[in-house]
Amino acid sequence: MMTKRNMWLLAGLIALILAPLGQGNYVVYTLCSWLIFSMAAMGLNLTLGYAGQISLAQSAFMAIGAYTTALLTLPPAEDGVGGLGLHWLVAMPISVFAAFVVGLIIGFPALRVKGHFLAFVTLAFTTLTFLVLRNEDWLTGGTYGLVGMPRPDFGFFNTGKQLRFYYFTLAVFVVFCLLMWGIIRSPWGRAFKALRENSIRAESLGVDTRRITLLAFAIGSAAGGLAGSLVAPLVQFIEPGSFALVHSLKMLLMVVVGGAGFFFGPVIGAGVVILMPEFLRFTEGYYLMIYAATVIVLIIFCPKGLIGLGEIIRNKLRKDKKVRGDMDKGAQL
Amino acid sequence: MEQFFQVLLSGLATGSIYALAAIGFTLIWQAAQTVNFAQGEFVMLPAFFLLAGMHFLGMPFWMALIFGLLLAVFVLGFLFKRVLVDPLLKHGGLSLIIATMALAILMKESVKEFYSAEAQPFPEIVPNGSWDISGVIVSLTDISHLFISAVIVIGLQLFLNRTRTGRCMQATAQNPGVAEILGVNVKRMVLYTFLINGVLAALASFLITPVYLAKFSNGEYLGLIAFIAAIVGGFNQIRGALAGGLLIGVLDNMTATYITAEYRQAVPLLLLIAVILFRPQGLLGTSEGREA
Amino acid sequence: MSNKVMSVSNVSKRYGAIQAVDDVSFDVYEGEILGLIGPNGSGKSTLFNCLLGQTRPDNGSVEINGHNASGLSPSKLNKLGIGRTFQQLSVFPEMTVLDNIILAGQEHHGSMFSRLFGAPDAGLTPEADRLIAFFRLEHLRDEMAGSLSYGQQKLLDAAMAFMAGPSIVMLDEPAGGVNLTMLGNFKERLRTFNKEHGTTFVVIEHNMEFVMSLCTRVLVLANGAIIAEGTPDEIMNNQMVIDAYLGG
Amino acid sequence: MIKKLLGATALSVAMASTAIADTVKIGFVGELSGGGAPAGTQYRDGALLAVDEINAAGGILGKQIEVSLYDTQTDPQTSRALVQKAIDEDAYVVWGTVYSSSTIVNMLVAQQNGVPQIVGAEAPNITQKGNPYVFRTAYGAHRGVPALTGYFRDTLKAKNVAVAWVNNEFGKGGHDVFIKEMAKVGINVTADIPSEAGAADFAADVSRIKEANVDAVFVYLHEEESARFLREAKKQNLQPKLVGEVTLTGQKVIDLAGDAANGAVAHVGLTAEANIESIKEFGAKFEKKYGHKTDHNGIKGYVAAYATKYVTEMNGSFDQEKFAQTMHGLTLDVAKYPGMLLTTSWDQDGELSRESFMVEVVDGKQVVTTTVAAN
């Protein structure tokens with residue numbers, strides 16, 4: 001028994017499995033970074049799309065994940081900045097946890113203020129993170145960054161080759177999606193949504209808004225940490241500039257463009273930001289301009305993003321077919 | 001001691017320009033609950049209007065200045081409100097914030113692609129010159145920045161307090177509902193606020209660009225500083241934004257001189273966080289009318 | 001008289017020059033349906049907001065089931081056994097009817113962790129279904145709440161207030177904007193619930209006919225103060241009340 | 001914009017015509033948009049000018065050069081992906097990037113794939129990583145800055161100096177070398193002042209230098225920041241000599257700083273203003289083709305293209321490993337290889353040396369005061 005939705009999901013998964021076959025390393029690399037940014041953006045979606053809070057700290061959480069993973073997995077150095085030489089499987093949970101804890105620590109005071117104030121606090125946090133990464137070079141390698149993070153080796157499966165690393169990333173992505181899905185459909189997820197749609201009503205029904213918002217923020221941060229933990233072995237080079245404020249902005253726009261509050265919205269948004277430039281090469285330097293303009297138009301005319309746009313179009317096409325069954329009954333109530 | 005006064009003077013001069021951007025930011029917030037994340041780019045752009053006037057339309061400097069000012073008022077005031085803010089207000093603050101973020105990118109990229117990615121020299125509004133007062137170099141530029149900013153702020157205050165339109169604008173900012181009942185044309189007043197923000201942004205632009213040089217990325221830092229100044233000073237007051245701007249200008253320079261250059265940028269940010277957490281109404285603000 | 005479930009003492013709230021609520025005290029008894037009426041601007045909404053943690057009163061105190069409830073947040077009040085509805089439509093439009101109802105109950109079940117790792121519905125589906133059936137919304141169970149008609153959403157709003165098994169339900173203008181057929185239906189459901197579960201109701205309402213036919217006791221507010229108290233019959237014949245409504 | 005579109009069309013036409021012939025592919029990966037665009041586009045224009053000449057003269061070993069352009073948007077991670085892409089598309093050699101922050105990331109990819117890469121980047125660590133496939137077109141700061149040591153010690157007779165540097169991988173590289181060099185010759189660095197890339201307000205920086213009472217200042221900033229620094233220095237009437245490496249006396253800086261640039265001195269590896277026939281001639285060709293002046297990045301791009309040609313022809317084949325081997329320890333004499341503009345050598349690390357210049361800004365013009373021998 002397969003519902004239509006599951007069919008689509010299966011088709012999507014098969015497409016993701018087949019996508020890199022026969023492609024050059026470059027395409028495979030780009031697909032990897034698409035999946036990774038999708039995860040970070042899905043985390044941000046929890047904060048923005050579900051809990052309705054603007055966070056500009058996602059790249060800082062990616063930085064926390066990436067630097068933690070790098071420092072744990074890099075081999076010890078005789079001189080300069082070295083690591084502990086641990087396996088990625090050890091480093092990743094620590095990185096995710098670190099991002100989660102920092103998320104809690106930042107979020108706890110910051111969520112007393114909401115909306116644009118939270119945007120400012122997180123913006124400040126991102127810039128401060130950048131400064132610390134750049135200035136404390138005894139730990140982070142400073143402006144030169146950290147180079148040569150090993151790609152994880154699982155004995156029977158070494159991810160050193162680009163294609164293998166892609167399947168590794170895909171596996172992490174699938175597990176991540178399942179976990180996220182679990183959260184979204186749990187009572188927590190219901191509370192997140194309730195908060196976004198009507199926070200006053202949610203509160204009157206016993207939802208502790210502040211705690212739930214904080215959790216949404218911290219889980220979203222943890223997702224950023226996971227993404228960072230994958231960026232380190234993918235690029236094998238990290239430096240503070242890769243996690244500057246502009247990347248937070250980019251991820252925020254990914255969520256909005258894809259469709260904030262839709263489970264797979266950020267995946268589409270990340271695709272637009274990371275994959276589309278490939279197809280729009282002819283736009284040269286204008287890509288970012290066109291993109292920004294599209295975002296504005298989309299927000300004005302279709303605040304629910306591309307997924308929302310898809311829904312509108314689908315509903316238009318179906319309109320004549322489906323008349324709501326409860327309509328006449330509803331009228332007399 | 002000379003160093004202290006030197007840096008203080010420079011800080012005040014730069015801070016007075018930050019204040020102009022911060023005041024515009026505050027006005028827009030009051031009038032339309034719009035947090036303009038593109039405020040920095042609003043200060044970046046008019047300089048390019050002026051340059052375009054001079055280099056593409058062949059205008060003399062003073063004509064280009066007026067041209068830039070008018071174009072800024074039209075684009076950053078009128079068009080911004082009509083095209084972006086009006087349709088988005090109904091979707092709520094979140095959408096508007098994100099839209100202004102996108103707008104910031106759009107403005108930066110447009111200048112970069114259509115004008116130049118490189119910094120451009122920008123004509124001095126004020127002639128060069130300086131006095132050496134017992135070791136402190138007092139430049140005409142610094143003094144005139146302070147002076148011009150002061151004139152603008154005082155003028156704005158007089159306009160808001162002493163004219164009928166100004167008082168209507170204030171009533172609108174405080175309580176649009178009541179203002180409407182009292183017969184104020186609220187929509188028009190909100191529009192005026194946007195136009196004034198355009199003027200302030202243009203003036204800040206013309207003052208600061210000779211120092212910063214005209215570059216598409218100038219707004220990134222300026223915008224951030226304008227927010228910080230507005231929030232630190234007190235979001236709902238002109239004098240708050242003024243004090244915030246001056247404070248940040250001085251603090252920034254003092255930090256770089258006496259404490260740390262590496263973490264120079266961190267100081268205003270830490271101040272911002274501290275203010276938001278412990279005194280969200282701002283140092284000079286009152287807590288009324290500040291529901292986040 | 002039976003037990004006091006809520007006790008309001010000396011609550012006042014001033015907005016600038018307007019004394020919205022002026023030293024109001026009253027008690028609510030278990031199992032009663034208390035009506036709170038008054039002309040526009042009489043302060044009943046402000047009073048309600050003070051009782052429900054939306055607005056902080058200038059002074060006075062509220063006690064609920066023997067606990068001091070002054071200054072508690074809405075979510076804490078909810079945990080103390082207060083359910084409420086809103087004057088404006090207050091459902092979660094992009095969640096299904098079932099999810100709306102489950103949300104209303106989930107925060108009362110299990111711990112933070114069990115809510116993350118336990119069943120997605122926190123085991124509340126059967127109970128939610130019973131409530132949905134009680135309000136005759138079965139055919140809409142899996143529809144998005146936002147697609148319901150106005151009256152249906154009002155019902156759903158009320159159903160949510162009942163989900164957590166509250167001891168007191170506060171209804172804010174439940175009759176507003178609802179047509180007559182639906183209103184009769186609604187009144188009958190409230191009465192049944194009151195009888196079956198012994199739940200106490202406090203109702204703010206404009207619609208005199210609705211209040212008088214539903215409530216067991218009525219308080220009348222004018223200019224922020226209680227001017228009369230009694231059974232519906234007594235109130236309808238009270239000269240002060242008539243003056244307040246006609247003169248106000 | 002129109003100019004740009006026309007340019008793009010012209011380029012694609014040129015490519016279409018050559019693609020039919022037997023060609024060799026080159027991947028140009030550079031900063032064509034974003035903050036690095038001024039440098040990256042110069043590098044590209046210089047390279048394409050050389051490509052036109054080489055193709056007109058019969059190409060390399062009879063094959064026409066086909067250049068594919070990849071725009072990094074001045075983003076290191078994008079540049080890494082694009083080097084990969086260029087290699088996927090069979091690039092024989094990769095040219096670029098100009099920004100060190102990008103090169104340091106993407107050079108790993110070229111190394112892993114064994115593809116020679118000729119870069120415009122100048123950060124010291126690029127040739128210190130033991131990467132056998134990376135080659136410079138201008139020497140790194142660790143070669144350039146020491147050339148100034150003598151100037152500080154002997155010409156200026158400085159005892160105390162200040163250094164103002166931009167706190168990123170470019171500035172830090174130069175700064176670290178400078179501190180070491182000064183320690184070697186016993187000059188005190190009494191004020192060490194970093195600033196952010198893109199910094200606009202140098203009032204505090206200049207004031208600190210003034211307070212430090214130094215004999216000379218080493219200014220190691222990007223071009224725009226250099227200009228702002230010079231203006232502030234003039235405003236505060238800063239007396240000590242301002243000395244830079246490459247950027248401080250660039251044409252762009254002079255344009256932006258106006259008369260505040262007068263008197264600034266710099267050691268310049270490549271300058272379009274050098275009073276050398278080959279460079280002047282190149283400058284004229286460049287200006288004729290593109291309608292604007294070249295700078296040192298244009299020269300770098302030109303040299304990258306010609307080096308590719310000469311080394312390949314020396315090998316007699318398009319063998320990438322051999323290319324790298326040949327280039328290590330190679331000296332190309334300008335008399336025999338005019339496309340190099342100046343006699344150029346590469347050492348075992350891909351580091352470059354050639355003669356360089358001391359330049360001073362006089363009346364808004366760069367004037368070469370001395371020529372420094374290759375080291």
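In what follows, every chain begins at residue 1, and chains take the letters A, B, ... in the order their sequences are listed.
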Pair count under 4.5 Å, heavy atoms only, with chain A: among B/Val35, B/Val83, B/Ile273, highest is B/Val35

Cut-off 4.5 Å, heavy atoms of chain A, and the answer for B/Leu88 is side chain

Indicate, with yes or no, if the rings of A/Phe120 and B/Phe37 have centres closer together than 6.0 Å. yes

Using a cut-off of 6.0 Å, state whether more than 12 heavy atoms not belonging to B/Tyr258 lie near its atom OH. yes

Smallest heavy-atom separation, A/Ala292 atom then B/Ala102 atom, equals CB-O, 3.4 Å

dist B/Glu109:CD -> A/Ile290:CD1 (nearest 0.5 Å) comes out at 10.5 Å

Here the pair of heavy atoms bringing A/Leu128 nearest to B/Ala266 is CD2-CB, 3.4 Å

If one checks every heavy atom of A/Leu253 against chain B at 4.5 Å, the contacting part turns out to be side chain

Open item on the list: With heavy-atom distances below 4.5 Å as the criterion, would you say the side chains of A/Phe117 and B/Ile231 are in contact?
Closed with: yes

Honestly, the part of A/Val246 sitting under 4.5 Å from a heavy atom of chain B is neither

Any non-hydrogen side-chain atom of A/Leu56 less than 4.5 Å from a side-chain atom of B/Met101? yes

Okay, A/Ile106 and chain B: the region with an atom under 4.5 Å from a heavy atom over there is neither

Sorted by chain and residue number, the salt bridge (charged side-chain N to carboxylate O under 4.0 Å, His left out) partners of A/Lys250 (sequence neighbours excluded) come out as none

Highest number of heavy-atom pairs under 4.5 Å with chain B among A/Asn135, A/Val295, A/Val256, A/Leu131 belongs to A/Asn135

Would you say the side chain of B/Leu269 lies within less than 4.5 Å of the side chain of A/Phe125, judging by non-hydrogen atoms? no

For B/Leu272 and A/Ala124, the nearest pair of non-hydrogen atoms, with its separation, is CD2-CB, 4.0 Å

When the 4.5 angstrom heavy-atom criterion is applied to A/Leu123 and chain B, the contacting part is side chain

Taking every heavy atom of B/Glu262 against every heavy atom of A/Arg134, the minimum-distance pair comes out as O-NH2, 3.4 Å

Cut-off 4.5 Å, heavy atoms of chain B, and the answer for A/Leu252 is side chain

Could you check whether atom CD1 of A/Ile312 has more than 12 heavy atoms from other residues, nucleotides or ligands sitting under 6.0 Å from it? yes

When the 4.5 angstrom heavy-atom criterion is applied to B/Leu224 and chain A, the contacting part is side chain

Okay, A/Ile299 and chain B: the region with an atom under 4.5 Å from a heavy atom over there is both

Quiz item: Would you say A/Leu48 and B/Ile98 make side-chain contact, with heavy atoms under 4.5 Å?
Solution: yes

